[in-house]
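To start, the structure under review is shown below, and the notes come after it.
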Amino acid sequence: MRLLVATRNHHKLEEIRQIFALPGLELVAADEVSGLPEDVVEDADTFEGNALKKARELCGASGMWTMADDSGLEVAALNNAPGVFSARYAGEPCSYPANNAKLLRELGGVEDRRARFRCVIALCAPDGREWTVEGRCPGRIIGETRGSNGFGYDPLFVPDGHEQTFAELDGATKNSLSHRGHALRRAAAEWRALLVAG
Ligand code: IMP
């Protein structure tokens, strides 16, 4: 069976290919299918809403089983901001350094540094059935950027139980701890029967 993965981000696709190596399942990237909308507007107010919206729209346009994800950072002292606005926290166009600088400004003098990454993955079937799974990674925001691996808020985020930021840890260690890694492994386990039978 063929599964459309609603992302044009090749870094994410590679991670998904490693975890979703299920027998008989062919993963197809959005840019390998013609006639799909270029971008789905992520205007829902939850990660689940955005992931479902992306999966539904591309499933409708392609007629294929479709998987989509949405993720972001929630900071306890900021009432869970930036949340669904993580990509464009400091405004458009999306800039990781500007987002990190804004986060540090907002947390200036704040003692409570608790934060978590969340990732929701949605699966839509052409007959209208839908499923979601979620993965979380708790940690804290440090006072200055450290490390050059990864992307986004990685240089400011230290996962619980560690001293290094996601941008200092190697990719395999980040995947074993991350919200996306947890959500993908959960999705592969929970949806295996659906996807292999299809
Ligand atoms: P999206 O799921 O690609 O829409 O991600 C939204 C935003 O959340 C990204 O642009 C990043 O700012 C942030 N984000 C999501 N996952 C991560 C991560 O693993 N590390 C750092 N930032 C992340």
Side-chain angles (χ1 to χ4, degrees), residues 5-16 18-19 29-31 37-55 57-58 66-75 78 80-107 113 115-123 132-142 144-160 162 164-187:
V5 182
T7 183
R8 294 174 193 274
N9 175 334
H10 284 262
H11 170 87
K12 276 191 192 173
L13 200 66
E14 202 34 56
E15 200 179 331
I16 294 171
Q18 285 170 15
I19 295 175
D31 52 15
E38 201 36 52
D39 258 324
V40 175
V41 182
E42 296 182 23
D43 57 2
D45 55 9
T46 60
F47 297 116
E48 186 179 35
N50 280 327
L52 276 168
K53 186 172 183 215
K54 275 187 271 190
E57 284 192 26
L58 294 204
T66 304
M67 189 168 94
D69 80 306
D70 194 41
S71 58
L73 178 73
E74 292 183 337
V75 179
L78 302 177
N80 288 338
V84 291
F85 300 108
S86 291
R88 50 210 147 106
Y89 189 37
E92 307 268 6
C94 157
S95 153
Y96 297 144
N99 288 341
N100 284 331
K102 178 170 180 185
L103 183 58
L104 287 179
R105 275 198 310 279
E106 297 288 329
L107 285 177
R113 312 294 292 196
R116 64 187 174 203
F117 277 117
R118 291 177 56 194
C119 173
V120 174
I121 303 178
L123 177 68
T132 59
V133 293
E134 178 171 340
R136 296 183 177 201
C137 179
R140 66 180 198 280
I141 302 299
I142 58 171
E144 59 186 12
T145 58
R146 283 195 338 230
S148 54
N149 300 332
F151 69 101
Y153 300 95
D154 281 350
L156 287 178
F157 183 83
V158 173
D160 281 354
H162 292 258
Q164 291 178 298
T165 66
F166 264 172
E168 293 175 306
L169 292 167
D170 62 85
T173 307
K174 179 184 168 185
N175 290 347
S176 73
L177 300 168
S178 82
H179 48 312
R180 193 169 302 101
H182 287 311
L184 282 171
R185 286 188 292 276
R186 194 161 292 157

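In each ligand, atom 1 is the first atom listed, and ligand 1 is the first ligand listed. All values derive from a computational prediction rather than experimental measurement. Heads up: numbering here begins at 1 and tracks the sequence.
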Can you classify the ring geometry of Phe166 versus Phe117 as parallel (below 30°), tilted (30 to 60°) or perpendicular (above 60°)? parallel
Just let me know how Phe151 lines up against ligand 1, side chain, backbone, both or neither, with a heavy-atom cut-off below 4.0 Å. both
Among all the protein's non-hydrogen atoms, which is closest to atom 4 (O) of ligand 1, and how far away is it? Asp70 OD1, 3.4 Å
Region of Phe166 that comes within reach of ligand 1 [heavy atoms, distance under 4.0 Å]: neither
With sequence neighbours excluded, tell me which residues meet side-chain hydrogen bond (donor to acceptor under 3.5 Å, both in side chains) with Asp170. Thr173
Please state which protein non-hydrogen atom is closest to atom 20 (N) of ligand 1 and give its distance, to 0.1 Å? Asp154 OD1, 2.6 Å
For the atom pair OG1 (Thr7) and CG (Asp70), what is the distance rounded to the nearest 0.5 Å? 11.0 Å
Which of the atoms in ligand 1, numbered in the order shown and given with their element, are less than 4.0 Å from a heavy-atom of Gly152? 21 (C), 22 (N)
Lys54 to ligand 1: N or O pair under 3.5 Å? no
Residue, atom name and distance, where the atom is the protein heavy atom closest to atom 3 (O) of ligand 1: Lys12 NZ, 2.9 Å
Is there a donor-acceptor contact under 3.5 Å from the side chain of Lys102 to the main chain of Tyr89? yes
Protein heavy atom at shortest distance from atom 16 (N) of ligand 1: Arg180 NH2, 2.9 Å
Taking Arg113 as the fixed residue, which of Val158, Leu107, Leu156 is the one that meets the side chain to side chain contact (heavy atoms under 4.5 Å, CB included) rule? Leu107
For atom 6 (C) of ligand 1, which candidate among Gly181, Gly72, Ser71 provides the closest heavy atom? Ser71
For atom 19 (O) of ligand 1, grab the closest protein heavy atom and report residue, atom and distance to one decimal in Å. Lys174 NZ, 2.8 Å
Say whether, by atom type as modelled, one donor and one acceptor occur between the side chain of Arg185 and the main chain of Ile19 under 3.5 angstrom. no
Quick one: look up the protein heavy atom nearest atom 23 (C) of ligand 1 and list residue, atom name and how far away it is. Phe117 CE2, 3.5 Å
Nearest protein heavy atom with distance in Å, relative to atom 22 (N) of ligand 1: Tyr153 N, 3.2 Å
Can you list everything that forms a side chain to side chain contact (heavy atoms under 4.5 Å, CB included) with Glu15? Sequence neighbours excluded, please. His11, Asn175, Ser178, Arg180, Leu184
Ligand-residue contact atoms, ligand 1 with Tyr96, heavy atoms, under 4.0 Å: 10 (O)
Check whether any side-chain heavy atom of Leu73 lies under 4.5 Å from a side-chain heavy atom of Ile141, and answer yes or no. yes
Thr145 side chain vs Pro155 backbone, donor-acceptor pair below 3.5 Å: no
Only heavy atoms of Glu42, strictly under 4.0 Å: list the atoms of ligand 1 that pass. 4 (O)
Less than 4.5 Å apart, any side-chain heavy atom of Val120 and any of Asn50? no
Can you report which non-hydrogen protein atom sits closest to atom 8 (O) of ligand 1, along with the distance? Ser86 CB, 3.4 Å
